[in-house]
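Data block below; observations after.
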Number of protein chains: 2
Amino acid sequence: MKRNTWQREAVRTALGTQMGFVSAQDLHSNLKGTGSQIGLATVYRALGDLATEGEADSLQSPEGESLYRACSTGHHHHLICRGCGLAVEIEADDVEQWAKSVAALHGFSQAEHVVDVFGYCSACVPAVG
Amino acid sequence: MKRNTWQREAVRTALGTQMGFVSAQDLHSNLKGTGSQIGLATVYRALGDLATEGEADSLQSPEGESLYRACSTGHHHHLICRGCGLAVEIEADDVEQWAKSVAALHGFSQAEHVVDVFGYCSACVPAVG
DNA sequence: GGCTTATTGATAATGATTGTCAAAAGCGAT
DNA sequence: ATCGCTTTTGACAATCATTATCAATAAGCC
Ligand SMILES: [Zn+2]
Ligand SMILES: [Zn+2]
Ligand SMILES: [Zn+2]
Ligand SMILES: [Zn+2]
């Protein structure tokens with residue numbers, strides 16, 4: 001049976017306060033910054049669990065880091081700021097249809113897709129040029 | 001000025017013989033297996049260069065590894081078999097336009113996108129059910 | 001309160017990728 | 001072909017995210 005620990009809840013709520021995607025390392029730093037004594041490994045485990053249970057959405061940054069975000073809604077994609085992590089949820093039925101049809105067209109089954117857009121939001125663009 | 005070395009060519013041709021995406025580590029193993037004495041760091045550098053110059057296409061596996069594939073055409077995406085690594089190049093102007101417009105719509109700059117479809121090809125589907 | 005067992009967390013281990021830098025090799029000029 | 005300058009190489013160390021260990025802790029149940 002899975003137990004309720006303050007660590008799990010801490011990660012859950014910390015994720016909720018984030019406005020965008022964050023890495024496990026970042027979230028751990030944030031938690032430590034607020035006085036929490038939670039361990040890094042626990043943050044990794046909690047995030048992994050949340051993602052598995054569908055309470056969090058995960059993706060990989062272009063640099064290869066795993067990023068997480070609280071998310072309870074259904075299938076959708078994200079427009080993510082490389083600077084501050086801000087994530088805008090985007091839906092695109094066109095893309096969904098396209099993915100489905102291109103897979104079928106080539107005889108592929110059990111098709112899933114990865115569709116994410118990365119850039120710099122209007123607030124971060126001045127900081128990078 | 002960039003120089004021509006047998007190492008670069010070795011990586012280029014080794015990539016060409018692959019039917020799907022491969023990691024730098026795998027390609028290095030393959031090269032070593034055929035008697036080449038090329039160094040691992042050189043394989044990483046060569047693949048990075050090829051990707052930058054547009055001669056190779058790169059993406060990240062779900063596990064976070066960087067994968068490469070020979071590719072001489074312009075910007076496109078892939079339909080990738082989880083079973084055998086087979087990759088079909090796909091183009092979708094619709095998706096390109098969508099990515100561009102959704103970024104602009106939200107004030108994002110320097111937008112890049114990750115668009116890949118994963119599934120099982122017709123040859124691999126029987127093996128997984 | 002105790003028992004049982006999942007969970008935690010400090011730390012070590014892993015594994016991909018990058019940095020270092022002296023030695024080797026490419027290329028243009030001689 | 002040789003010289004000289006500059007890029008490239010490669011063995012090795014360093015980095016960095018993530019995972020594995022495993023003894024200590026603490027949920028949940030009686
Ligand atoms: Zn931003
Ligand atoms: Zn979708
Ligand atoms: Zn296949
Ligand atoms: Zn595209």
Side-chain angles (χ1 to χ4, degrees), chain A residues 1-15 18 20-53 55-69 80 82 85 114 116 118, chain B residues 1-15 18 20-53 55-69 80 85 114 116:
Chain A
M1 75 283 294
K2 74 182 163 191
R3 299 174 180 176
N4 290 333
T5 64
W6 64 265
Q7 288 95 335
R8 290 261 166 91
E9 201 50 38
V11 169
R12 206 196 310 269
T13 59
L15 240 202
Q18 293 290 327
F21 280 84
V22 281
S23 68
Q25 303 272 356
D26 287 341
L27 201 61
H28 180 243
S29 295
N30 290 358
L31 284 163
K32 285 286 211 172
T34 65
S36 173
Q37 289 305 315
I38 192 171
L40 176 58
T42 302
V43 174
Y44 271 99
R45 281 186 289 244
L47 286 175
D49 289 348
L50 288 175
T52 301
E53 297 160 15
E55 290 192 59
D57 214 356
S58 71
L59 60 81
Q60 303 209 346
S61 76
E63 292 75 29
E65 244 184 322
S66 287
L67 304 180
Y68 300 85
R69 180 183 188 191
I80 302 145
R82 289 176 188 277
V114 178
D116 293 299
F118 293 86
Chain B
M1 72 288 291
K2 76 182 161 192
R3 299 173 180 176
N4 291 332
T5 65
W6 64 264
Q7 287 95 336
R8 290 261 168 97
E9 200 52 37
V11 170
R12 206 195 311 269
T13 59
L15 243 201
Q18 295 289 329
F21 281 83
V22 281
S23 68
Q25 303 273 356
D26 286 341
L27 201 62
H28 180 242
S29 296
N30 289 358
L31 284 162
K32 287 287 212 172
T34 65
S36 173
Q37 289 304 314
I38 193 171
L40 176 58
T42 303
V43 174
Y44 271 98
R45 281 186 289 245
L47 286 175
D49 288 349
L50 289 175
T52 302
E53 296 160 14
E55 289 192 60
D57 214 356
S58 70
L59 60 81
Q60 303 212 344
S61 76
E63 291 75 30
E65 244 184 321
S66 287
L67 303 180
Y68 299 85
R69 182 184 185 192
I80 302 149
V114 177
D116 294 298

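As the structure is a prediction and not an experimental result, all values here were calculated from the model.
The side-chain heavy atoms of A/D26 and A/Q18, taken from C-beta on, include no pair separated by under 4.5 Å.
For a distance-only test at 3.5 Å, the side chain of B/R45 fails to qualify as a donor-acceptor partner of the base of C/dG19. Looking at B/R8, its side chain has no donor and acceptor atom pair within 3.5 Å of the base of C/dG26.
Looking at which nucleotide of DNA chain D each of B/R3 and B/Q7 is closest to, the 5′-most match is held by B/R3. Residues B/D49 and A/Q25 each lie close to DNA chain D; by heavy-atom proximity, the contact nearer the 5' end of the strand is made by B/D49. Take the nearest nucleotide of DNA chain C for B/E65 and for B/T5: the residue whose nucleotide is more 5' is B/E65.
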Determine all donor-acceptor pairs shorter than 3.5 Å in which one atom belongs to a side chain in residues 31-48 of chain A; sequence neighbours excluded.
unit_1 : atom_1 : unit_2 : atom_2 : d
A/T34  : OG1    : A/L31  : O      : 2.8
A/S36  : OG     : A/I38  : N      : 3.2
A/Y44  : OH     : A/Q25  : NE2    : 3.0

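A/S23 comes within 4.0 angstrom of nothing in the nucleic acid, heavy atoms only.
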* To do: For A/D49 and A/R8, run salt bridge (charged side-chain N to carboxylate O under 4.0 Å, His left out): C-alpha distance rounded to whole Å, both residues' side-chain angles, the deciding distance at 0.1 Å, then the answer.
  => CA-CA 9 Å; A/D49 289 348; A/R8 290 261 166 91; 3.4 Å; yes
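In this entry the distance linking CD1 of B/I38 with C1' of D/dG10 reads 10 Å, nearest Å.
Put simply, B/S66 has a side-chain N or O that comes within less than 4.0 Å of OP1 or OP2 on C/dT17.
Side chain of A/T42, nearest nucleotide from C/dC27, D/dT8, C/dT8: C/dT8.
With sequence neighbours left out, the salt bridge (charged side-chain N to carboxylate O under 4.0 Å, His left out) criterion links B/E65 to no other residue.
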